[in-house]
Amino acid sequence: MEETSPQRGKIEFAGVTKTYGKVTAVDDITLKLPAATYCCLLGPSGCGKTSSLRMLAGHESVTVGDVLLDDVNVTPLPPAKRGTAMMFQNYALFPHLSVAENVAFSLKMKGVGKAERLKAAEPLLALVELAHLADRGPAQLSGGQQQRVALARALMTRPSALLLDEPLSALDPFLRLRVRGELKRLQKGLGISFVHVTHSQDEALALADVVVVMNKGRIEQRGGAHDVFARPRTAFVARFIGGHNVVARGEGAIAVRTDRTTLSRPGATGADGLAATVREIEYGGAAWAVRLKGAAGDDYEAALSEEAFAALAPREGEAMSLNWRAADAHPLEPAE
């Protein structure tokens, strides 16, 4: 399949709200994404990320506001007229059709002859490295292969934006790493936008050009993966994105990365020391996670290298002081 040119998939949510009766699922969000962007909508269950994706796809109506794709207001358009394609979590393959026939199904619905539509499926099957399995049925494929069939089928319509709803959640951890690499490669090669809903922080950080963290129907923070991780805007983002301690300070709060948090025994506390008790120790291969409980009941963690862990030798139930450099303390905005 040739690389798409020019790039497509400029997306805009303009003051979009979605309500279900008296429940507000998405609350006045405004978001602009450049063409050919890999965007991850990240947040806990019920934050509004899937409703946002479904409004972009046309599978949910917009209560207030507009959705634009490549500068066209698609709000009143049905899904088939929008220039989007959606890949569902369960893949929804037709069990009685071959791999090639599944990929070409949208052409069948348009009345394209069998020989022609199967020919059209060939480059897409090659793109997802499944040409050698074209004649098999979905039941003869692994989960990862089924996912790639669903991906090729979604791309058959040549969309400007591919929408993915938790696409990796059913895969085992090893396969998940491989497939997410394939998704990023395809997105770059195709020159279109991918909008990917996930609750996995690792997934979002690894894949996204733009991470959009949602909370209670609103956008809590958006930005590049490194920016969102290194400079969380609020305590919610710092906690949800992971790898941070949130420490209350007077009227405000700061975030300190767990890999920049050190531990010492009482009496050797620096100016930023915080008293806590070790409640759990977990070995993670590259580092030890030492989880602690503060005097006020707050949870903290220090990610220690093997050398630092061996030198300190902390034990569960032991009193410790958390320390960090002033330069590693990131001020947080108060919750709205």
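Worth saying up front: this structure is predicted, and the values here are computed from it rather than measured. Residue numbers run from 1 in the order of the sequence given.
- In Lys216, the NZ atom is not crowded: 12 or fewer heavy atoms of neighbouring residues, nucleotides or ligands sit closer than 6.0 Å.
- Taking 4.0 Å as the cut-off between side-chain N and carboxylate O, Arg291 and Asp299 do not count as a salt-bridged pair.
- Ring geometry, Phe94 versus His96: the interplanar angle exceeds 60°, so the pair is classed perpendicular (tilted spans 30 to 60°).
- The two atoms that bring Pro34 and Ser193 nearest to each other are O-OG, 3.6 Å, heavy atoms only.
- The residues Arg117 and Glu101 are annotated as not salt-bridged, no charged nitrogen and carboxylate oxygen being separated by less than 4.0 angstrom.
- Residue Tyr20 places its OH atom among more than 12 non-hydrogen atoms of other residues, nucleotides or ligands, all under 6.0 Å distant.
- Applying the 6.0 Å contact sphere to NZ of Lys108 captures no more than 12 heavy atoms from other residues, nucleotides or ligands.
- Using a 4.5 Å heavy-atom cutoff, the side chains of Val99 and Leu141 are in contact.
- One finds no salt bridge joining Asp328 and Arg257 here, because no Lys/Arg side-chain nitrogen approaches an Asp/Glu carboxylate oxygen to under 4.0 Å.
- Sorted by first and then second residue, the pairs that involve residues 58-67 and meet salt bridge (Lys or Arg N to Asp or Glu O under 4.0 Å), not counting sequence neighbours, are Lys18-Glu60, Arg54-Glu60.
- Judged by distance alone, the side chains of Ser160 and Asp70 do bring a donor and an acceptor atom under 3.5 Å apart.
- A donor-acceptor contact closer than 3.5 angstrom is absent between the side chains of Asp209 and Thr37.
- At a threshold of 4.5 Å between non-hydrogen side-chain atoms, the residues Leu183 and Leu168 count as touching.
- Judged purely by distance below 3.5 Å, without hydrogens or angles, the side chains of Asn73 and Thr75 pair a donor atom with an acceptor atom.
- Checked against Tyr38 for a side-chain hydrogen bond (donor to acceptor under 3.5 Å, both in side chains), the options Gln187, His196, Lys188 give a single hit: His196.
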